[in-house]
Each structure stands twice: as structure tokens, then as C-alpha cells.
Amino acid sequence: MAAQKKRGKGSYLNDFEKSQDGGYVYAGKTWHADAAARRRILVKLWALQVCMLLAAFLPGFVTTAGLLNTFYVIIPYVFWLISDFALAYTLGNVTFGGNPLRDYIYERSVKQYRIRTMFPLAGAALTAFALLIFLLRGGSGEGEVVCFACCGVQAAASFLAEQCKIADIWME
């Protein structure tokens, strides 16, 4: 009976083979991209990512009344902030994973990138909705225009990042 390959969390370790010098060499599937296309799309995505991170940070520094003591505004804002960091981490994996990209990195970053762009968008939309509820309930304060503008910038940048279709440049 042939030995079955282990499936699950550490299954990518099956793609490494021991070399003659005692080290391990990756022998699994790799994904290749045209260097110019990869550079072009990464520059565009990093520019959008910087816009997203700035849009997520700015409401935290501006005295937005809803972000001071209102839990229903703070919770979506924290989700928005965390999901922006997670998206930056995913993009960093794509950037520093190299070209060719190993299959397990491709599966965890490139394939997931388009879906993960929607989480900061949802966080920004929920934050804007919660801030609107705060204002309709009689809340007042400074910075709500900045917060709404940042939510709009996040929505636009997330939409543009999703439209980049990063997976299209990679081939087996």
C-alpha cells in the first residue's frame, strides 16, 4: 500500500525533499509571473494599501465623537483597522514570497487576496453606518466628516484593489 500524503495544516511540508548535503529543498509546485507585470501590479496594490491604511488610521487620530465612548462605532472601526493590517500582511506575503512563488504561499495569499479586500470595505461601511446612527441619535462632535471621507476612500481603494485581479498574472 502506497504511503498517503498528509493533508491538513502542515501538508506543505511534504513538498520539501532532503538534499545530499543534509538540507531541505522545495520540490513542490511553483507559480511564475512576468517580472514586469508583477512589479506593475505590486506597485499599484501597495499604493492602494497605503491609502487604505491611512484612511483607517486617520479617524483614530481625529477627535470623532462616535469613537470616544460609543461601542457600536468602536467595534466596526477596530474590525476595519485589523482587516486592513491583515490585508497588508497578505500583500507582504505576495511581495516577499518571490517569483516563482511556492504553491503554499500562492494558496494562502494570492488566491485569498481578492476576498480579503472586502473585509476592510465591510469594516468601513459598518463604521460609517454606526457613525450615522450615532449622529441620528443626537450625538455631536468634531471629525465626523473626516471619518465619512476616510470610509469613502477605503471603499474606493478596496474596490480598486479587488479589480486588480492579482491571480491572473500567475501561471503554473
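Numbering starts at 1 and runs along the sequence shown. In this text the structure is predicted, and so the values were computed from the model without any measurement. What's counted below: heavy atoms across the whole structure, side chains too, no hydrogens, waters or symmetry copies.
- Side chains of Cys164 and Leu45 form a contact here, defined as non-hydrogen atoms less than 4.5 Å apart.
- In this structure, CZ on Arg38 lies 6.5 Å from OG1 on Thr95, to the nearest 0.5 angstrom.
- Asn93 is not listed as a side-chain neighbour of Arg108, based on a closest heavy-atom distance of 4.5 Å or more.
- Criterion: ILVMFWY side-chain heavy atoms under 4.5 Å apart, direct or through other members. Under it, Ile115 and Ile41 are not part of a common hydrophobic cluster.
- With ring centers used as reference points, Phe57 lies under 6.0 Å from Phe85.
- Remark: side-chain polar atoms of Thr117 are paired, donor with acceptor, to backbone N or O of Arg114 under 3.5 angstrom.
- When all heavy atoms of Thr90 and Ser109 are compared, the pair lying nearest together is CG2-O, 3.5 Å.
- With hydrophobic clusters built from ILVMFWY side chains whose heavy atoms lie under 4.5 angstrom apart, Val73 shares a cluster with Leu132.
- Side chain of Arg116 to backbone of Ala88: no donor-acceptor contact under 3.5 angstrom is found.
- Residues Tyr72 and Leu135 share a hydrophobic cluster, clusters being chains of Ile/Leu/Val/Met/Phe/Trp/Tyr side chains in contact below 4.5 Å.
- Of all non-hydrogen atoms in Gly123 and Phe79, the two that sit nearest each other are CA-CD2, 3.6 Å.
- By the criterion of side-chain heavy atoms lying less than 4.5 angstrom apart, applied directly or through intervening Ile, Leu, Val, Met, Phe, Trp or Tyr residues, Ile133 is grouped together with Trp80 in one hydrophobic cluster.
- Checked against salt bridge (charged side-chain N to carboxylate O under 4.0 Å, His left out), Lys111 has the following partners two or more places apart in sequence or in another chain: Glu107.
- Using a 4.5 Å heavy-atom threshold, the side chains of Leu42 and Leu91 count as touching.
- Cluster annotation: Leu81 is not connected to Leu126 through the hydrophobic network of ILVMFWY side chains, with a link wherever side-chain heavy atoms come within less than 4.5 Å.
- Side-chain contact between Phe148 and Leu131: present, with at least one pair of heavy atoms (C-beta onward) separated by less than 4.5 Å.
- You'll find the side chain of Tyr113 stays beyond 4.5 Å of the side chain of Val94, heavy atoms only.
- If you take CD1 on Ile75 and OG1 on Thr127, they are separated by 10.5 Å, rounding to the nearest 0.5 Å.
- A distance of 11.5 Å separates CG in Leu48 from CD in Gln163, rounded to the nearest 0.5 Å.
- Nearest heavy atom pair, residue Ala56 against residue Tyr77, reads O-OH, 2.6 Å.
- Interatomic distance, Leu53 CG to Gln49 CD, rounded to the nearest 0.5 Å: 4.5 Å.
- Closest non-hydrogen pair, Gln154 versus Ala124, comes out as CG-CB, 3.5 Å.
- Considering all non-hydrogen atoms of both residues, Met118 and Ser158 come closest at CE-O, 4.3 Å.
- Considering only residues two or more places apart in sequence or on other chains, Tyr89 meets the side chain to side chain donor-acceptor pair (under 3.5 Å) condition with none of them.
- A distance of 9.5 Å separates CG in Leu121 from CE in Met52, rounded to the nearest 0.5 Å.
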### Task
Tell me, with the steps shown, if Ile169 and Asp34 meet side chain to side chain contact (heavy atoms under 4.5 Å, CB included).
CA-CA 7 Å; Ile169 65 168; Asp34 177 51; over 6 Å; no
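- The salt bridge (Lys or Arg N to Asp or Glu O under 4.0 Å) pairs that include a residue from residues 75-98 number zero, where partners must be two or more places apart or lie in different chains.
- A 4.5 Å side-chain heavy-atom check between Ile82 and Val78 finds at least one atom pair inside the cut-off.
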